[in-house]
Asker: 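This structure is in C-alpha cells; I'll ask about it shortly.
Numbers restart at 1 for each chain; the letters A, B, ... are given by sequence-line order, proteins then strands.
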Amino acid sequence: MANLPKIYAPHEIEGKWYQLWQKNGYFHAESTSDKPPYAIVIPPPNITGSLHIGHALDNTLQDCLIRWRRMQGYNTLWMPGTDHAGIVTELIMERQLAEEGTSRTELGREKFIERMWQWKDESAGYIVSQLQKLGCSCDWERERFTLDEGLSKAVRTAFVKLYDQGLIYRDTYMANWCPHCNTVISNLEVEPIEIDGHFYHIRYPVKDSEIVLEIATTRPETMLGDTAVAVHPEDERYQHVIGKTALLPLCDREIPIIADAYVDTEFGTGALKVTPAHDTNDYEIGLRHNLEQLTIFTPDAHINENAPEKYVGLSRWECREQVVEDLQNLDALVKIVPHRHAVGHHDRCGTVVEPAISPQWFMNVRPLAQRAIEATKKGDIQFIPERETTRFYHWMENIEPWPISRQRWWGHRLPIWDCNACGAVTAAMETPQQCEVCGASDFRQEEDVLDTWFSSGLWPFSTMGWPENTEELQTFYPTSVLVTGWDILFFWVARMIMLGLGCMNEVPFRTVYLHGLVADEKGQKMSKSKGNSIDPLETIDTYGTDAFRFALVNTSTPIPYVPLPESQIEAGKRFANKIWNAARFILMNLEKHPVPEKMDDVAAEVPSPYKQETLEIAWIQSRLSHTIATTTEAFEDFRFYEGAQILYAFLWHEFCDWYLEFAKQRISQNQPEALWVAADVLEQTMRLLHPVMPFLTEEIWQQLPHGGGKNESAERGSITVSAWPEPIGENPTAETTMATLMEVIESVRSIRGELNVPLGASVEVHIQSPNAEIRERLEAYLAQYLPAFTRVADITIAESLSKPPASAEAVIGELAIYIPLADIIDLDAEHARLSKRHQQVVKDVAAAQKTLDNPNFIQRAPERVVKQKEELLARLEVEKEKLARSLAMLTESEKE
RNA sequence: GGGCGGGUAGCUCAGGUGGCUAGAGCGACAGCCUUACAAGCUGUAGGCCACAGGUUCAAGUCCUGUCCCGCCUACCA
C-alpha cells in the first residue's frame, strides 16, 4: 500500500476487477427475486466487426443505469446479445469472398450460410470482449443472438400470428429496389442525397397534328418505359391535347395523353411523362388510368428486352447518355438545364435506389401504430428527451406498409409455403404435412428472408424466451428502459413498440432514453466513412476505460450531436489521476493512523460536527450529503452528465482543494479524526462515482476501510454490490461559516498573488469586522486553517482597527483584511487592483439599487427575493465605501 | 414545403417550473518541482447570453418576428 504508484495506471487494474465481478456472478439477474426488477435489453450490436464510438457511449450509459440500480438494490438484468444484421453482414462477406476469388452465388446458399456462421462466431466473440473491456456489467449467462434457435422460433411465431391476423400479406407493388444488393428495401433505408443533376426537355409530337409537347425529366432513360403523357385536367394550355395520342420518340410507340390532377402546372412544362413501372407517382397515376406497367430494367438495373434493341444490356447511366445523344440527333432534345434534386441511395451500400414493381411481403403496421400512439398517450411509455415524443407521433401517424421480405440469404427465412399443386399459401412454424386446400404434400418454401429489423423488433421478449411464458418474461417484461441513439427511433424503437403490442399485448419498455450521437469538434457525426471517428479500443489503451467513460458521460448532454474532443478524454484521465492521488494520500496516512477497530461508523463516531474545532468535518459531511442528493436526482432524470459534473466538482474542488488541506493540518497536529472522515467521505464518493468509473472506484474502495464491521457495505465483496449512499442531511450553519473562512483565505491568497509577495515570505493579517459572531468564528478557526494555505506570521482580529501603513487591502462586505507589506508593496499595483474592484462594485450597487427603488418590486416580488436583494445591496455598499476610502488614502500616500 | 434542435468566455458546452454579483472544462497569461497529485498547485484576464420587439416588479430563461448553423421529414417529375 505504501508503494502505490504516483500515477494512476489503469491497465494494471481494469482486467483483474472485471474477472472478479464475473467470477462472483454480480452481473447475473435472478429469474425470480424479492428485489424489485430492473431490466434493460442491449441494442444488439451488428456482427459487422468492431464496436464504434456510438456503441461506447450507448453502452456506457446503460452500464451507468444498471450499476446504479444494482447498488440501489434492484434485481438488475442487462440482457446482452448481437444482431445478425442481414444485408450489411452479407456485404462484408461478399467483399471477403471476392478477395478469395469466389462469390456468394458460386458458393450457393448452404455453403454461404455456413461461412456466415463462422464469421458470426468470431465477430460476436470480439464484440463481447470489447463490451467487457468497456466495463459493461451485462448478464453474460444470457447472451443471445437474433438467429439463435429460440429467437428464430419467436420470429416464426410472430410472423404466423400476424399473418393469421391479416397484418402480413404478399402483394405485387412498387417498392425501393437496390440493384446492387438485389433486394427490396424499406423507405427508411433509402437516404436521399442532394445531387446536381439535369432537367432534360424533350419533344413528344402529338399524333395527327402539328402540336409538339415539351416534356421535362431528370431521368430521360426511363422514357423507354413511358406509357402515357399526363397534363393537369384544368391546364388551359393543354386542353386541346387531352385524349389525343403522343408519339414516343426512340420507341415508335403511341401513348395516350391523359389528364390527372397530380400534375403540377407550375412545375417544369406542366406536361409529365408517365413511367408506371419506374416511378412511384407514375405508378399511382398508372393505376388510376389503367396504364400498362412496362418494366425496362433488369434487377441489376440494366436495360431489358422491353426496350428497343439498341439499348438492351446498357446500364442505367450508359442508357441515359445514349438516349440523350439519340434525342439530339433526332432534334427531339430542346435543352438541358442544371437541376439540383434529392436522389435516393441505399444507406448500406450507397447505390442509387430504383423504384421497382415486384411481389413482396408487407406488414400492415397501421393498426399497431395506432395502438402504439394510444399507449404512449396513456403514459405507458415515456420518451427522454420529451421532444422525441413529437417525432414519434409524427412518424407513427404517417406510417406506410412495411416491406419485410428481402431477397437475401442471411436471416430468417419466411415461414411461408406455397403448395405446388394448387398454389395455396400456408404460414406455419414448420413445413406443413399437407395442403389444407387440396391435400397435396408438395410444398415450396418462400426463398426470401425477413428484414433484420423484424427480428430486432421482437428483441425485448424473444431474448426472454417468448413464445414460452418464462419466468424471465413474468419478472422483467415490460423492461424498464431502452437506451439508444435518436437516429434509430423509427428503425427499431417504433417497431419494437408495435411488435411488443402485437405479440405481448404490452409495450416492451416504460422509458425510452434517446441520447445524442457522438460528433467531432466540428459537430460532424463521427463515422468510419468520414474518417473522423475515435476508435474505442485505441482510446481505452491510451487513456484507460474510466477516463473514456467519464468523458462520454460528461459530454452526453441532451443535444442531437455531442462533441467529444480529445481534451475531454484527457480531462477524464486527469480526474482519474487526481482521485488516485487523493486516495494515495489518505491510504498512506492511514498506515500511521489506522481507523480504530471499535469504530463501526466513522461518520457517526467522530467528534460532534457541531463542536467548533471540527467545523471542516461538519462542512464536508454536509457537502457530501448535498452531493449524494443532487447526484441521485440527476441520475433519476437521466442527466448523467450533470451527475458526473457534480462529482467532479465535489471531489476536486471541495474535497481535494479544501478538505484534504484542512486534514493535513489536523494530522500534523495529531488529530486523526479528520483523516478518518476523509476516508469515509472518499469511500462514499467512490460509490457515487462507481456507475461512471467502475474500475478505479473498485480499486480504491477495496483498499479503503469501508465502515468497520457494521456498515452493510463492508460485508459485500465488491463496490459493484455495495449500497448506494443515502444523504445524511445538510448543515447550513457549517456551510455559511466555512464560506466566510474560504473568502478570507482566498482574499489573502489573491493579494499575495497579485502583489507578487514571495512564496516564502510570511505576512501579518489584520482583520476588522464589526460583527461579533463573525469575529468569534474567525478567532476559533482562522489560526487553525489559514496556515494550511499560505504563510502567515500573525493574525489580528478586531472590531475596529486602523489600516496599517503601506498595506494591501481586501474587502468582503463589512469585513476588511489588511496585509502590511511595507517593503514590497507596489502602490500603483495596489491602486489598480482596488480601483478595478471598486468600479465593479459601483456597477453592482447601481443595479441592485435600481431594483430596490422600484416600488412594484417591493410589492410584488416574494419576500425572500426582496430580502436577498436588500442584503446584497447593504453588503455591496459597505464594500464600496471601504474601497473608496482606501483609494483616497492610497492617492494621498502617493503624494507624500 | 412542413417540423425539430442550436446560436452564452478564444474553443466545446452547462445554466429543470423566470429571482444568488451568469458557470465549468480546455485554452491564454503570470508565478510556483509547497512532504497525495507538474496528468499538479496558486493567482489573473476574458461574456450587450445572435438580433429586434413584447409579457413581467424581474428575462440567458416565457411569447412574437428576423438572421445564421445543423438535423429530421416531404411525390414536385
Asker: Can you list the residues that meet the salt bridge (charged side-chain N to carboxylate O under 4.0 Å, His left out) rule with A/D853, with sequence neighbours excluded?
Answerer: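 Result, salt bridge (charged side-chain N to carboxylate O under 4.0 Å, His left out) vs A/D853: none returned.
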
Asker: Give the B/S/- string for nucleotides 34-44 of chain B, one per nucleotide from 5' to 3', where a protein heavy atom under 4.0 Å of the base yields B, of only the sugar-phosphate yields S, and otherwise -.
Answerer: --BBSBSSSSS

Asker: Given Watson-Crick or G-U pairs with both distances under 3.5 Å, what dot-bracket string fits RNA chain B, with | for other-strand pairs and [ ] for crossing?
Answerer: (((((((..((((.....[...)))).(((((.......))))).....(((((..]....))))))))))))....

Asker: In chain order, what residues pass the side-chain hydrogen bond (donor to acceptor under 3.5 Å, both in side chains) check against A/Y393, with sequence neighbours excluded?
Answerer: none

Asker: Please tabulate, one pair per line, all N/O donor-acceptor pairs under 3.5 Å involving side-chain atoms of residues 751-761 of chain A, not counting sequence neighbours.
Answerer:
| residue | atom | partner | partner atom | Å |
| --- | --- | --- | --- | --- |
| A/R752 | NE | A/T790 | OG1 | 3.4 |
| A/R752 | NH1 | A/A761 | O | 3.1 |
| A/R752 | NH1 | A/T790 | OG1 | 3.3 |
| A/R752 | NH1 | A/R791 | O | 2.8 |
| A/R752 | NH2 | A/P758 | O | 3.0 |
| A/R752 | NH2 | A/L759 | O | 3.2 |
| A/R752 | NH2 | A/A761 | O | 2.8 |
| A/E754 | OE2 | A/S750 | OG | 3.3 |

Asker: Any salt bridge (Lys or Arg N to Asp or Glu O under 4.0 Å) pairs touching residues 645-656 of chain A, not counting sequence neighbours?
Answerer: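 Sorted pair list: A/R623-A/E654.
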
Asker: What is the distance, rounded to the nearest whole Å, between atom CG of A/L514 and atom P of B/C4?
Answerer: 17 Å

Asker: Under 3.5 Å, which donor-acceptor pairs do the side chains of residues 865-875 of chain A form with other protein atoms, sequence neighbours left out?
Answerer:
| residue | atom | partner | partner atom | Å |
| --- | --- | --- | --- | --- |
| A/R875 | NH2 | A/E743 | OE2 | 3.2 |

Asker: Rounding to an integer number of angstrom, what distance separates B/G16 and B/U12 when you compare their C1' atoms?
Answerer: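 Between the two C1' atoms, the distance is 22 Å.
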
Asker: Using the C1' atom as the point on both nucleotides, what is the distance between B/C11 and B/G46, in whole Å?
Answerer: 13 Å

Asker: Please round to the nearest 0.5 Å and tell me the distance separating atom CD1 of A/I215 and atom OH of A/Y204.
Answerer: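 A/I215 atom CD1 to A/Y204 atom OH measures 5.0 Å (nearest 0.5 Å).
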
Asker: Here's a test for you: under ring-ring contact (aromatic ring centres under 6.0 Å, His included), which of A/F789, A/F650, A/W652 qualifies with A/W658?
Answerer: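 Testing each of A/F789, A/F650, A/W652 against A/W658, the sole residue satisfying ring-ring contact (aromatic ring centres under 6.0 Å, His included) is A/F789.
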
Asker: What's the CD-C1' distance between A/Q840 and B/A22, to the nearest Å?
Answerer: 12 Å

Asker: Say we look at B/C29 and B/C72: how far apart would their C1' atoms be, to the nearest angstrom?
Answerer: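 My reading of the C1' atoms in B/C29 and B/C72 gives 44 Å.
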
Asker: Pull out every protein N or O sitting under 3.5 Å from an N or O of nucleotides 14-16 of chain B, one pair per line with the distance.
Answerer:
| residue | atom | partner | partner atom | Å |
| --- | --- | --- | --- | --- |
| B/A14 | OP1 | A/T557 | OG1 | 2.8 |
| B/G15 | OP1 | A/Y641 | OH | 3.4 |

Asker: Under 4.0 Å, heavy atom to any atom of RNA chain B: which of residues 848-858 of chain A qualify?
Answerer: A/N854, A/N856, A/F857

Asker: Between the side chains of A/E388 and A/R391, is the shortest nitrogen-to-carboxylate-oxygen separation below 4.0 Å, so that they form an ion pair?
Answerer: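 Here A/R391 pairs with A/E388 in a salt bridge, since their nearest N and O are under 4.0 Å apart.
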
Asker: Distance between the C1' atoms of B/A45 and B/G31, in whole angstroms?
Answerer: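 Those two atoms are separated by 15 Å.
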
Asker: How close do A/A576 and A/M693 get, heavy atom to heavy atom, and via which atoms?
Answerer: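 Looks like CB-CE, 4.0 Å.
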
Asker: Enumerate the salt bridge (Lys or Arg N to Asp or Glu O under 4.0 Å) contacts for residues 542-560 of chain A, please, sequence neighbours excluded, ordered by first and then second residue.
Answerer: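 Of all non-adjacent pairs touching residues 542-560 of chain A, those that pass salt bridge (Lys or Arg N to Asp or Glu O under 4.0 Å) are A/D63-A/R549.
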
Asker: For nucleotides 72-77 of chain B, give me one character per nucleotide, 5' to 3': B if any protein heavy atom sits under 4.0 Å from the base, S if the only such contacts are to the sugar-phosphate, - if neither.
Answerer: ---BBB

Asker: Are A/K573 and A/F550 in a cation-pi setup, meaning NZ or CZ lies under 6.0 angstrom from the ring centre and within 45 degrees of the ring axis?
Answerer: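 Output no; distance or angle outside limits.
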
Asker: Restricting to side-chain contact (heavy atoms from CB on, under 4.5 Å), what partner residues turn up for A/V343, sequence neighbours left out?
Answerer: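 If we apply the side-chain contact (heavy atoms from CB on, under 4.5 Å) test to A/V343, skipping adjacent residues, the hits are A/I195, A/H341, A/H345, A/V352.
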
Asker: Would you mind telling me which residue lines up with the more 5' stretch of RNA chain B, A/T390 or A/D844, judged by nearest nucleotide?
Answerer: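 The residue whose closest nucleotide sits nearer the 5' end is A/T390.
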
Asker: Report yes if the distance between the aromatic ring centroids of A/Y543 and A/F548 is under 6.0 Å, otherwise no.
Answerer: no

Asker: Working to the nearest 0.5 angstrom, can you tell me the gap between A/F490 CZ and A/I399 CD1?
Answerer: 9.5 Å

Asker: OG1/A/T217 to NE2/A/H198 distance, rounded to the nearest 0.5 angstrom?
Answerer: 13.0 Å

Asker: Could you check how far NZ of A/K869 sits from P of B/A58, rounded to whole Å?
Answerer: 13 Å

Asker: Students often get this wrong, so: under 4.0 angstrom with heavy atoms, is A/R875 touching a base, only sugar-phosphate, or nothing?
Answerer: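 The residue A/R875 makes base contact.
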
Asker: Would you call A/E809-A/K882 a salt bridge at under 4.0 Å N-O?
Answerer: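 Answer for the salt bridge query: no.
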
Asker: Roughly how many Å apart are B/U55 and B/C63, using the C1' atom of each and rounding to a whole number?
Answerer: 7 Å

